[in-house]
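Below, read A as the first sequence line, B as the second, and so on, with proteins coming before strands; counting in each chain starts at 1. Keep in mind it's a predicted model, so treat the numbers as computed, not measured.
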There are 2 protein chains.
Amino acid sequence: MTIDFFWHERPRSTRGPKPALTLDAIADAAVTVADTEGLAAVSMQRVAAELGFTKMSLYRYLPGKTELVALMLERAIGAPPELTPGEWRARLEEWSTLLLARYLAHPWAVEATVGRRPLGPHELSWMETALACLSGLPLTGSERLDTIAVLAGHGRMLAQQAGAMPGEAAPDGAEDEMVRAMGAVLRSHGDRFPHLTAAIGEPGGANQAFDYGLARILDGVEVLLRDRQDQDRQVTRADAQSA
Amino acid sequence: MTIDFFWHERPRSTRGPKPALTLDAIADAAVTVADTEGLAAVSMQRVAAELGFTKMSLYRYLPGKTELVALMLERAIGAPPELTPGEWRARLEEWSTLLLARYLAHPWAVEATVGRRPLGPHELSWMETALACLSGLPLTGSERLDTIAVLAGHGRMLAQQAGAMPGEAAPDGAEDEMVRAMGAVLRSHGDRFPHLTAAIGEPGGANQAFDYGLARILDGVEVLLRDRQDQDRQVTRADAQSA
DNA sequence: GGGAACTGTCTCTACCGTACACAGAGGAAA
DNA sequence: TTTCCTCTGTGTACGGTAGAGACAGTTCCC
């Protein structure tokens, strides 16, 4: 079972030849391959070759590729950081930004986190860290979870489209061509998409997408908190009045 | 090139035997397979078999699998709806909800929209529809684009984790087991994740995640708009004073 | 009717994940 | 020290994938 893999201690019996590899070494090699050539390039063969072994030897350490990817992900995301003390909003901003940085450092991580899958220790720790920021605020458990889900989702979305941005990191010029091709499409079919053409054509202020979305989401949370506090105050006043 | 596939009219020469298939039929078959067995089950072989042909015959219609998936996506997402007239916020709410519904109807669509890829006509039309809602508001082009990106990202995120939710749609009981296993992990390692354990353990109010996030995001946009309007009013007042 | 163009199929290559059997290594027990 | 037993890494094999290229048959244009 994939999920046991992270949490269950694997006892090492002392009999027989000593393993030449470690899970960490395998995960590192796989992460290196993914970082440089993309997640699609990560195959048992490729990773084993990177280590100088045959692909079947990896199965002595891992039940299958699913577990390898899960391991890569845990290693790429890493443990959550210590956030600087302060207001909940500043802390969540820091948390989101740092999470985005991890995703940007390993763009394949977005691809690796689609679909139903068990969460690893580091992933849960990131959640825990974010939830701690909301501690003490008048939000229900679901609202706390949903809040950090929205924030994490925003970061993931941005990391995903970061590769397609006309930024500095242009791997092999392929993206550039895609952007150029989409531009050509808009030029020739622009009449069907007037608002889109106008919005894209408008100059300035690109690459602010993450900060913009983050600010809107946190503004929204702030509105909710203010509403709750107003409500509390009214209730308190009513209580005082009825007393 | 994948991108030409949607926009470039393919001229049909009248010579030779008439094609037995159509792109629509192929896309429909592929969508059916994906809907019932997941995106992983969509292979050239499988789709061709569904139509009673060999896989190589599909390559007479499609350059490759990339184009097939792009075609499936366009078909699954479909054309954007006519939104009911009204305030921008209500319209964007409707837009987001309808987009989520499309994703929920074809959960594999989330998986199919990861990574760098060209957008199809329907996808651009959805963007256009959302941007039209923001028309006339004091937002820059980038802000408009970022706004709908956040909304779309939120819907996608929710559609993704909808499959993992302990809801009604429990395909083959596997999800149930994963949720159960994660619960077991939290029970045995809960001390490492106190806030998480508390938030999950808190009763009530599940399955509101989409509405919650949507409300927060739109609240945030509303705050920005109010700020802009206040600013405008101040500027106007200052102009009047200086005049 | 003949040539040209297009159809669907067949064969082939190069991968992928992984099940299984097996020779050798090396500590534990005799 | 010798035997045994377990664990290691590897070789082979199987069914799957995407796709290239050659091929025979069909159908229209000249």
Measure CG/L62(B) against C1'/dG8(C) and give the value in whole Å, please.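 Value for this atom pair: 15 Å.
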Given atom OH of Y61(B) and atom P of dT7(C), what is their separation to the nearest angstrom?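 My rounded result for the distance is 7 Å.
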Would you say that [X] contacts [Y] through its side chain, given a criterion of any heavy-atom pair below 4.5 Å between the two side chains?
{"X": "F6(B)", "Y": "L71(B)", "result": "yes"}
{"X": "V31(A)", "Y": "W108(A)", "result": "yes"}
{"X": "D211(B)", "Y": "T97(B)", "result": "no"}

Y212(B) versus T147(A), side-chain donor and acceptor atoms under 3.5 Å: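 Yes, side-chain donor-acceptor contact under 3.5 Å.
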Chi angles and distances behind the salt bridge (charged side-chain N to carboxylate O under 4.0 Å, His left out) call for R216(A), D146(B): CA-CA 10 Å; R216(A) 296 295 79 69; D146(B) 294 347; over 6 Å; no
Reading nucleotides 15-22 of chain C from 5' to 3' and marking B where a protein heavy atom lies under 4.0 Å of the base, S where only the sugar-phosphate is that close, and - otherwise, the string is -SBBBBBB
Return whichever of L58(B) or T14(B) has its heavy-atom-nearest nucleotide of DNA chain C closer to the 5' end.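 It is T14(B) whose nearest nucleotide is closer to the 5' end.
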Can you say whether the rings of W7(A) and F193(B) are parallel (under 30°), tilted (30 to 60°) or perpendicular (over 60°)?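 The arrangement is perpendicular - the two ring planes meet at more than 60°.
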Closest heavy-atom contact between [X] and [Y]?
{"X": "R187(B)", "Y": "R180(B)", "value": "NH2-O, 4.4 Å"}
{"X": "T113(B)", "Y": "V110(B)", "value": "OG1-O, 2.9 Å"}
{"X": "L214(B)", "Y": "E93(B)", "value": "CD2-CG, 3.7 Å"}

Which of the following nucleotides, dC28(D), dG9(D), dG26(C), is nearest to the side chain of F53(A)?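 Ranking dC28(D), dG9(D), dG26(C) by closest atom to the F53(A) side chain puts dG9(D) first.
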Taking the minimum atom-to-atom distance to the side chain of S57(A), which one of dT10(D), dC7(D), dC10(C) wins?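 Among the listed nucleotides, the one closest to the side chain of S57(A) is dT10(D).
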Nucleotide N/O to protein N/O under 3.5 Å, stretch nucleotides 2-4 of chain C:
from	atom 1	to	atom 2	distance (Å)
dG3(C)	N2	R15(B)	NH1	3.4
dA4(C)	N3	R15(B)	NH1	3.4

Less than 4.0 Å between a side-chain N and a carboxylate O, is that true for E123(B) and R117(B)?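 So R117(B) pairs with E123(B) through a salt bridge.
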Under a 4.0 Å threshold between the charged nitrogen and the carboxylate oxygen, would R46(A) count as salt-bridged to E37(A)?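 Yes, charged N to carboxylate O under 4.0 Å.
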Check each residue of residues 23-39 of chain A for a non-hydrogen atom within less than 4.0 Å of any atom in DNA chain C, then write out the ones that pass by number, or none.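 Here the set is empty: none.
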